[in-house]
Number of protein chains: 2
Amino acid sequence: MPHRDASVETIQQEMTAFARRARATAARMHPELSLVSYTLLAHLDDQRGCRATDLAAHYLLDKSTVSRQIAALEKLGFVERRVDPDDQRVQVLHPTEKGAEVLAHVTESRRQAFHERLADWDEADLDRFAMYLRRYNAAQERID
Amino acid sequence: MPHRDASVETIQQEMTAFARRARATAARMHPELSLVSYTLLAHLDDQRGCRATDLAAHYLLDKSTVSRQIAALEKLGFVERRVDPDDQRVQVLHPTEKGAEVLAHVTESRRQAFHERLADWDEADLDRFAMYLRRYNAAQERID
DNA sequence: TCCATTGCGTTGTACTATACAACTACTTCA
DNA sequence: TGAAGTAGTTGTATAGTACAACGCAATGGA
């Protein structure tokens with residue numbers, strides 16, 4: 001087997017292994033915010049509010065899924081809805097203060113977990129790994 | 001922000017993005033074999049048979065989850081059970097011929113997808129990316 | 001202006017993956 | 001030989017997801 005194929009094989013295996021574990025790991029670490037709701041809340045925070053439809057489009061989720069996720073986040077008091085005065089159909093979603101706090105807390109704890117996992121990597125390796133991941137995902141997005 | 005932190009941040013973001021998408025992508029590509037059942041079947045093939053308990057331990061799944069996954073794979077005719085003559089409690093699981101064929105087919109099609117995604121990477125980058133992923137997951141496993 | 005079409009979001013329904021607990025059947029060991 | 005442990009199944013509950021049908025608001029062409 002050519003060397004190139006072996007590398008692709010490894011990448012495939014490792015990405016698969018990672019994907020298999022990721023949600024469960026995230027759920028164990030942060031029972032209060034699943035990987036999906038974390039992502040949605042982070043997006044709201046990042047974008048300073050957006051619509052449910054935008055979330056659905058961005059994350060390739062059905063609008064009903066987003067609707068229920070948002071309903072759950074609202075019930076937890078993490079998200080609030082503001083009806084767009086220019087279009088009564090539209091609800092602009094924002095993290096509440098509480099939501100922003102929880103998000104910051106989870107983000108920080110995730111950040112720390114990543115830092116610990118990568119503690120013995122030198123800066124050049126980290127830099128290259130980050131670059132490769134970004135490149136890989138960017139290529140992926142064009143396909144999905 | 002130090003450069004090191006920026007790299008870790010990127011790694012965190014990209015790994016999260018990847019994890020979020022992976023299952024849905026896999027399901028869309030291979031409706032006949034979810035990411036989990038693919039993994040289990042591949043493990044059986046790789047190990048030339050093993051017990052449900054081993055699968056549960058290896059993939060950090062509850063034994064009931066594995067039991068149902070295997071039942072589904074058996075119903076599809078992809079897995080067969082052979083009671084261990086030395087211990088009547090134990091069922092050694094094996095891919096059937098049909099299961100091995102489907103596995104080979106899905107593996108090949110996944111391999112191709114990865115090859116396409118990584119087509120414009122040069123060999124040195126592929127090699128390093130594979131190494132980094134392996135290193136990252138190995139560190140992860142010690143924590144999980 | 002009016003109605004057909006489109007867009008946003010919710011709800012009903014169904015399915016998959018998962019965990020935990022209770023159970024049965026078998027094995028091991030003191 | 002009986003208690004404790006192990007393998008696997010089943011009951012039950014929950015989360016996440018999709019698809020279809022719906023209600024309501026907006027928009028645009030006749």
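Reminder, nothing fancy here: chain letters follow the sequence lines and each chain counts from 1.
Atoms CG (B:Leu61) and P (C:dC20) sit 11 Å apart, rounded to a whole Å. B:Tyr38 has its OH atom 16 Å from the P atom of C:dA17, to the nearest Å. One atom, CG of A:Leu55, and another, P of C:dG9, lie 9 Å apart when rounded to the nearest Å. Protein atom CZ of A:Arg82 is 19 Å distant from nucleotide atom C1' of C:dG9, rounded to whole Å.
Between chain B and DNA chain D, the heavy-atom contact criterion of under 4.0 Å yields a 5' to 3' nucleotide range of D:dG5 to D:dT12.
Not a single salt bridge (Lys or Arg N to Asp or Glu O under 4.0 Å) links A:Glu123 to another residue, sequence neighbours left out. Legend: residues meeting salt bridge (Lys or Arg N to Asp or Glu O under 4.0 Å) with B:Asp87, ordered by chain and number and at least two apart, are B:Arg89.
The local environment of NE2 in B:His105 is sparse, with at most 12 non-hydrogen atoms from other residues, nucleotides or ligands closer than 6.0 Å. Heavy-atom contacts from other residues, nucleotides or ligands closer than 6.0 Å to CD of A:Glu108 number more than 12.
Less than 4.0 Å separates DNA chain C from at least one heavy atom of each of the following residues of residues 39-54 of chain A: A:Arg51, A:Ala52, A:Thr53. For the segment residues 63-74 of chain A, residues with any heavy atom less than 4.0 angstrom from an atom of DNA chain C are, sorted by number, A:Lys63, A:Ser64, A:Ser67, A:Arg68.
Residue contacts for A:Arg23: at a heavy-atom cut-off of 4.0 Å it reaches the sugar-phosphate backbone alone, with no base atom in range. B:Arg81 comes within 4.0 angstrom of sugar-phosphate atoms only, judged by non-hydrogen atoms across all strands, and of no base.
A:Thr65 places no side-chain N or O within 3.5 Å of a backbone atom of A:Leu61 that could act as its donor or acceptor partner. Side chain of B:Asp54 to backbone of B:Arg51: a donor-acceptor contact under 3.5 angstrom is found.
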Quiz item: What string of B, S and - do you get for nucleotides 24-30 of chain C, 5' to 3', when a contact is any protein heavy atom under 4.0 Å?
Solution: --BS---
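Of the residues listed (A:Thr10, A:Val8, A:Leu133), the one engaging B:Phe129 in a side-chain contact (heavy atoms from CB on, under 4.5 Å) is A:Leu133, and it is the only one.
Cation-pi geometry between B:Arg117 and B:Phe114 is satisfied (NZ or CZ under 6.0 Å from the ring centre, within 45° of the ring normal).
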